[in-house]
There are 2 protein chains.
Amino acid sequence: MSKSSLLLTPTEQVACCSPLLKQPLGADEASRITPLLKALADPVRLRLLSLVASYADQEACVCDLNDAFDLSQPTISHHLKVLHEVGLLDRSKRGVWVYYRVRSEALADLSTLLGGVTA
Amino acid sequence: MSKSSLLLTPTEQVACCSPLLKQPLGADEASRITPLLKALADPVRLRLLSLVASYADQEACVCDLNDAFDLSQPTISHHLKVLHEVGLLDRSKRGVWVYYRVRSEALADLSTLLGGVTA
DNA sequence: ACCTGACATAGACATCTGTCAATATAGATG
DNA sequence: CATCTATATTGACAGATGTCTATGTCAGGT
């Protein structure tokens with residue numbers, strides 16, 4: 001929260017914005033939101049996110065995720081990285097395994113931005 | 001509603017799906033949702049959508065939209081087409097002018113899908 | 001020390017995407 | 001009909017993106 005805005009992940013930068021339909025988005029705002037949407041706009045990543053969420057504590061080991069797709073391990077690794085960099089997944093290494101966890105606030109913020117269902 | 005599913009826009013195909021975080025998305029479901037997200041995942045289109053929404057009746061003439069961007073007319077036309085094809089914008093021609101209108105249900109559905117704010 | 005297994009990174013390649021200039025279409029108007 | 005104006009379509013091109021193979025890294029076990 002106290003980090004410089006240059007260091008915020010796209011997710012954190014989106015959190016503040018008012019709903020899409022309320023007022024015209026500025027070019028700068030749009031550019032901050034887009035990376036998040038780009039990260040979601042891929043069928044494999046969408047499934048990855050959803051799959052991770054289905055595990056206990058919304059956290060899954062990469063080894064579990066690899067098997068769920070008919071794709072090479074580096075490809076999955078790449079997609080996980082994209083989701084992580086954008087703030088949709090948290091990453092933690094425990095022993096030899098790496099676990100990714102869903103940051104649901106991220107999705108919630110985006111959801112609010114689109115639907116304007118401001119609580 | 002009675003149309004064959006092959007003729008549904010991506011928006012209409014998304015409307016039925018349960019929230020992303022509730023259960024693992026199937027490959028087919030993911031492929032139906034992705035086009036919508038892809039359409040949104042561009043700064044110009046995001047601004048276009050937001051800008052159209054800001055007009056009376058959430059409807060704007062293309063001529064108004066062109067001026068708001070530092071892009072060629074064909075480029076704007078292209079982006080509007082993408083948003084239209086995916087079901088986010090309705091299109092109606094009146095005289096020489098073409099008007100695009102926001103289909104807010106589309107965004108609402110997507111918002112629900114992401115946030116799981118099922119009413 | 002060595003090997004094995006889990007994951008990431010690098011590099012290559014084909015495809016997709018955003019943009020433009022040029023051209024087409026189609027109403028309105030003289 | 002000729003022309004102007006609004007919008008769409010086409011074709012070209014540079015840059016982004018998804019995927020793979022090959023390789024690197026790092027932690028445990030023998």
Side-chain angles (χ1 to χ4, degrees), chain A residues 10 25 27-28 30-52 55 59-86 88-101, chain B residues 10 25 27-28 30-52 55 59-86 88-101:
Chain A
L25 230 52
D28 46 343
S31 299
R32 262 179 280 128
I33 301 170
T34 303
L36 245 187
L37 289 166
K38 271 194 203 302
L40 281 176
D42 177 278
V44 175
R45 288 197 288 269
L46 211 53
R47 288 178 62 199
L48 270 173
L49 196 68
S50 176
L51 184 55
V52 170
Y55 278 74
E59 184 180 68
C61 171
V62 175
C63 52
D64 297 323
L65 305 174
N66 277 326
D67 299 342
F69 297 85
D70 204 17
L71 292 169
S72 73
Q73 174 264 318
T75 296
I76 299 297
S77 184
H78 163 69
H79 285 306
L80 288 170
K81 184 181 186 181
V82 170
L83 288 169
H84 172 60
E85 284 176 342
V86 102
L88 284 166
L89 286 182
D90 263 343
R91 189 174 174 267
S92 67
K93 191 164 187 173
R94 291 204 286 277
V96 191
W97 294 278
V98 173
Y99 293 82
Y100 285 92
R101 184 194 311 247
Chain B
L25 230 52
D28 46 344
S31 299
R32 261 179 280 126
I33 300 170
T34 303
L36 244 187
L37 289 166
K38 271 193 201 307
L40 282 177
D42 176 277
V44 175
R45 288 196 289 268
L46 212 52
R47 288 177 61 198
L48 270 172
L49 196 67
S50 176
L51 185 55
V52 170
Y55 277 73
E59 185 180 66
C61 171
V62 175
C63 53
D64 296 324
L65 305 174
N66 277 326
D67 300 340
F69 296 84
D70 204 17
L71 292 170
S72 72
Q73 173 264 318
T75 297
I76 299 298
S77 185
H78 164 67
H79 285 307
L80 288 170
K81 183 181 186 178
V82 171
L83 288 169
H84 172 61
E85 284 176 341
V86 102
L88 284 167
L89 286 182
D90 264 343
R91 193 179 168 243
S92 67
K93 191 163 187 174
R94 292 205 286 277
V96 192
W97 293 278
V98 173
Y99 293 82
Y100 284 93
R101 184 192 314 245

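The sequence lines fix the lettering, A, B, ..., with proteins before strands; numbering per chain opens at 1.
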Interatomic distance, Asn66(A) CG vs dT19(D) P [rounded to whole Å]: 13 Å
For atom CG of Leu80(B) and atom C1' of dT17(C), their distance in whole Å: 16 Å
Residue His78(A), side-chain heavy atoms: nucleotide from dG18(D), dA6(C), dT9(D) that is nearest: dG18(D)
dA6(D) base / Gln73(B) side chain donor-acceptor hit below 3.5 Å: no
Residue Val44(B), side-chain atoms from C-beta onward, closest of dT7(D), dT19(C), dC20(C): dT19(C)
Side chain of His79(A) (C-beta onward), nearest among dG18(D), dT19(C), dA8(C): dG18(D)
Arg47(B) side-chain N/O to Ser31(A) backbone N/O, donor-acceptor pair under 3.5 Å: no
Leu46(A) side, atom CG; Arg32(B) side, atom CZ - distance, nearest 0.5 Å: 11.5 Å
Spacing between Asp42(A) atom CG and dT17(D) atom P, to the nearest angstrom: 11 Å
Between P of dG5(C) and CH2 of Trp97(A), the distance in whole Å: 12 Å
Sugar-phosphate only, base, or nothing, as touched by Phe69(B) at under 4.0 Å among non-hydrogen atoms: nothing
5' priority, DNA chain C, between Val98(A) and Arg45(B) [closest heavy atom]: Val98(A)
Thr75(A) vs dG18(D): side-chain N/O to OP1/OP2 distance below 4.0 Å: no
For atom CD1 of Ile76(A) and atom P of dA8(C), their distance in whole Å: 11 Å
Whichever of Asp70(A) and Val62(B) has its nearest DNA chain D nucleotide further upstream toward 5': Val62(B)
Proximity to the side chain of Pro74(A) - top-ranked nucleotide from dA10(C), dA8(D), dA26(C): dA10(C)
Distance in angstrom units between Asp67(A) CG and dG5(C) C1', rounded: 13 Å
Atom pair distance, as rounded to whole Å: CG in Leu83(B) and P in dT7(D): 16 Å
Candidates dA8(D), dC26(D), dA8(C) - which lies nearest the side chain of Lys93(A): dC26(D)
Sole candidate of Leu65(B), Asp42(B), Leu89(B) that passes side-chain contact (heavy atoms from CB on, under 4.5 Å) when paired with Leu48(B): Leu65(B)
Sugar-phosphate only, base, or nothing, as touched by Arg94(B) at under 4.0 Å among non-hydrogen atoms: nothing
Nearest-0.5 Å distance that lies between atom CZ in Phe69(A) and atom CD1 in Ile76(A): 5.5 Å
Neighbour count above 12 (heavy atom, 6.0 Å) for Asp70(B) CG: no
Per Ser77(B) side chain, nearest of listed nucleotides dT9(D), dT9(C), dA8(C): dT9(D)
Under-4.0 Å side-chain N/O to phosphate OP1/OP2 contact, Arg91(A) with dC7(C): no
Nearest to side-chain heavy atoms of Lys81(B), which nucleotide of dT9(D), dT21(D), dA6(C): dT9(D)
Side-chain (Arg45(A)) to main-chain (Lys38(A)) donor-acceptor, under 3.5 angstrom: yes
Side-chain N,O (Tyr100(A)) to OP1/OP2 (dA6(C)) below 4.0 Å: no
Protein-nucleotide distance (Leu40(B), atom CG; dT17(C), atom P), rounded to Å: 14 Å
Residue mapping more 5' on DNA chain D - nearest nucleotide basis, Val96(A) or Lys38(A): Lys38(A)
Sugar-phosphate only, base, or nothing, as touched by Leu71(B) at under 4.0 Å among non-hydrogen atoms: sugar-phosphate
